[in-house]
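Sequence lines set the chain letters: A, B, ... in the order given, protein chains first and strands last, and positions in each chain run from 1.
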Number of protein chains: 2
Amino acid sequence: MIQITGGTVITMDPAYRVVQADVWIDESYIVHIGPWEKTADVVIQAQNQYVLPGLVQPHVHLCQTLFRGMGDDLDLLDWLKTRIWPLEAAHDFDSVHVSAQLGIAELLRSGTTTILDMETVSHTEGAFHALAQSGIRAIAGKCLMDEPHPLLYEPTESALKESLDLAAAWHGFDRGRIQYGLAPRFALSVTDDLWRLVAEEAGRRHLIVHTHVAESQREVQEILAHKGLLPMHHLHAMGLTRGRLMAAHGVWLTKDELTIVRDYQVGLVHCPSSNLKLASGVAPISTWQEQGISFGISADGAPCNNRLDGFEEMRLAALLQKPLFGAKSMLARTTLTQATFGGAKILGLDDRIGSIEVGKEADLIMVSQKGVHHQPMVYSDPYSQIVYQARSDDVSMTMVAGRVLYQDDRLLTLDEERVIGQAEKAIRRVADRANIL
Amino acid sequence: MIQITGGTVITMDPAYRVVQADVWIDESYIVHIGPWEKTADVVIQAQNQYVLPGLVQPHVHLCQTLFRGMGDDLDLLDWLKTRIWPLEAAHDFDSVHVSAQLGIAELLRSGTTTILDMETVSHTEGAFHALAQSGIRAIAGKCLMDEPHPLLYEPTESALKESLDLAAAWHGFDRGRIQYGLAPRFALSVTDDLWRLVAEEAGRRHLIVHTHVAESQREVQEILAHKGLLPMHHLHAMGLTRGRLMAAHGVWLTKDELTIVRDYQVGLVHCPSSNLKLASGVAPISTWQEQGISFGISADGAPCNNRLDGFEEMRLAALLQKPLFGAKSMLARTTLTQATFGGAKILGLDDRIGSIEVGKEADLIMVSQKGVHHQPMVYSDPYSQIVYQARSDDVSMTMVAGRVLYQDDRLLTLDEERVIGQAEKAIRRVADRANIL
């Protein structure tokens, strides 16, 4: 039994309770909140800390962590074609493995406990080994790309087969901590045959489908030219909206497409830094919110951000709406809800995680209030403090399923120095093969 | 003599040299860069660190640091009228003093070495004492507001007289480290009589004038209604463009007003977080850049941000331009230039600070490359790393005029715990008097 004592608990429960209370964890579950007569095996001191649900980032690419800083100042399609695809194509098992480890190290340090991850076409097994060993909660999948392409391409059949083999091996691992998600890249990389097969297999196996949609105007135009349909209309026509579809970005979705999103409960993922850096635009998440569309907030991959920092994304998500929709749009509490419970909900995990409530799994973080950037705190609102003031280095503890993975500047499941050393070797190897520099 | 050894020096000199070299500091000056046969009294180890000029933030309000988190979700004019002015009017000498100390603590920890600071109407002496004692470089001034207002207002004559008395007391203090800047708040708070007097006195005494201009559309409309002129046209008509004018924000300056800005070398200050949070908009700094307009980058005050973090502002300044002007707008190097040398230049301090060059004062910072969020570094560009990846907690040392003010998580001129304790007491006192909660 673990007792987290002395902290201020931002529960994110339906009543939005913020309480000065102990949180008790037995095995992987939250078993009690408040005073209790029991004795814990481990007591974690949380004085001057907020205790809150871990951040959920439902759109990352761990295989790209090695490419950090190697794709600056390019718009989406140029960035993909001249940097990301050649680099992804040059990956090997070990480089995918260490890229995932490096990304997970950054995510755990900055308070993210759950991710939806899109890997590349090959060597996805490397990422699953890293995810399994690290203790983070993840839904991951190999990227599906069967439209002929000189570098990154697979025949339809074998692409799907490898996905299903990976799903058979990893879906449900460690009592469901790891799941498989089918990951067709986006409309331009995937044939309609494969889209239809993905929809079918996802339905049969109850798997999430994870893709990109309406990220940039140029992409929307190319999809319209190639498929004769707007991106969400195309996914709808292919049958993807029958199951649980996660669509990243959605910056340029039309009103009509947003109706489909809402009616078929598609989960959107807002990636504010990435949308700015790749010159894509600003997604109208205030409108999504008003229309009852479910969405999460995420950092995307390292080379379009260049960090994987959920706190940075929350702050930006809130701030960016205000010039467009007024100072009262995307209030701090709403923003934190989307970054925790909202992300869990679109992933179908809201019965297990996303808030601090008895019976849920203990995916939670501690955030220090001690920094001068939080002072004075006398009249502070906790949500405002978390969204506008907190920095990811305020995170002092990260726990997934009752297991402490990061505490007091130390990662407990990853040898950080070793990972960094291996990452350096791996990116040299991958960049040499990609031959783009 | 101080020797900073083993670091990578991002000089920001005219050739943009980035060198692996030692920096030697004698008294307050940089006296040598590179190997030298001399022996230093103090050796600072900078392995795995960047050494770069300290950030210059040419628009802050230290007197508002106490109000952090007390003005969320309001647009500019409501924010001023319902929160900031009542709170400023309730300040006393001690609360102004500790508000400045708290702000300076945050600024030094996050690598800012020079500020242009606008205080409130009264008790500005409190801020000057804090500035003087802390070691930070600052141009500061009391806020001028002589348009009749129930809370924050002074007769024209006494407002100006107190400013000039403060200037006489503080301008040039500590060999010019502290300067006085006349600070008329903005068009709507200042009578035309006072604008003309300010222009005259600034010219006579060679003082900077620090004000706000074209921050929000509503403000521009009100200025047009009251003065019959657009904000910059009004300042021009009042004679302010004859001297060194610092105008914060400029989000809504028209093409015609920008011509005046360029022709009369007005210094603009971009405050990206503040402009988003108060729903003002996004300033077109790419256009400013193209037109040869000089500008700095700054955090504004704590209640409209809610941090004073120059790294956050740099990152945001770069990212926000890209959806508007393309992925290649506001490159990382350009952004860092504006946040260091650019700020120094508009303040007329570019002969003394803003780059690491022999003969300049030693205002510099060290930024650690060690965090996982910087890895792998094999193919990283240093400017990209500083602008897109670095966090303010990567700052490991802050030096102003050759004096170490912050090192290894410790402020050397401020007793942080005492400041935080006093800040809490002060904001209770001020909020009680303001009676707005």
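- Annotation for B:Y379 and A:D432: closest pair OH-OD1, 4.3 Å, computed over non-hydrogen atoms.
- Nearest approach of B:L320 to A:L320, heavy atoms of both residues: CD2-CD2, 3.5 Å.
- Per-residue counts of heavy-atom pairs under 4.5 Å with chain A were compared for B:Q321, B:Q389, B:K328; the largest is that of B:Q389.
- Of the atoms belonging to B:E312, it is side-chain heavy atoms, and not backbone ones, that fall under 4.5 Å from chain A.
- A 4.5 Å side-chain heavy-atom check between B:D309 and A:H373 finds every atom pair outside the cut-off.
- Listed in order of number, the residues of residues 63-77 of chain B that approach chain A to under 4.5 Å between heavy atoms are B:T65, B:L66, B:R68, B:G69, B:M70, B:D72, B:D73, B:L74, B:D75.
- Heavy-atom proximity under 4.5 angstrom to chain A picks out B:N305, B:N306, B:R307 from residues 300-307 of chain B.
- If you measure heavy-atom distances from B:I420 to chain A, the contacts under 4.5 Å come from the side chain alone.
- In this structure, chain A has a heavy atom under 4.5 Å from the side chain of B:L316, while its backbone stays farther away.
- Heavy atoms of B:E424 lying under 4.5 Å from chain A belong to its backbone as well as its side chain.
- Counting heavy atoms from C-beta outward, B:R391 and A:D393 have side chains that approach closer than 4.5 Å.
- For chain B, the nearby parts of A:Q375 are the backbone and the side chain; heavy atoms of each come within less than 4.5 Å.
- With chain A as partner, the option from B:L278, B:V282, B:L276 having the largest number of non-hydrogen pairs under 4.5 angstrom is B:L276.
- The stretch residues 99-107 of chain B places B:L102, B:A105, B:E106 near chain A, each with some heavy atom under 4.5 Å from a heavy atom of that chain.
- Between chain A and the options B:G371, B:S392, B:S110, heavy-atom pairs under 4.5 Å are most frequent for B:S392.
- Among all heavy-atom pairs drawn from B:G326 and A:A279, the shortest one is C-CB, 4.1 Å.
- For the set B:A318, B:S273, B:S280, the entry with the most heavy-atom pairs within less than 4.5 Å of chain A is B:S273.
- Considering only heavy-atom pairs separated by less than 4.5 Å from chain B, the leading option among A:M377, A:H374, A:K370 is A:H374.
- Annotation: A:R428, atom CZ; neighbour count of heavy atoms from other residues, nucleotides and ligands within 6.0 Å does not exceed 12.
- Residue pairs meeting the salt bridge (charged side-chain N to carboxylate O under 4.0 Å, His left out) criterion with at least one member in residues 377-390 of chain A: none, sequence neighbours excluded.
- When all heavy atoms of A:N275 and B:P323 are compared, the closest pair comes out as O-CG, 4.4 Å.
- Note: B:R315 leads B:M330, B:R315, B:Q385, B:E416 in heavy-atom pairs under 4.5 Å with chain A.
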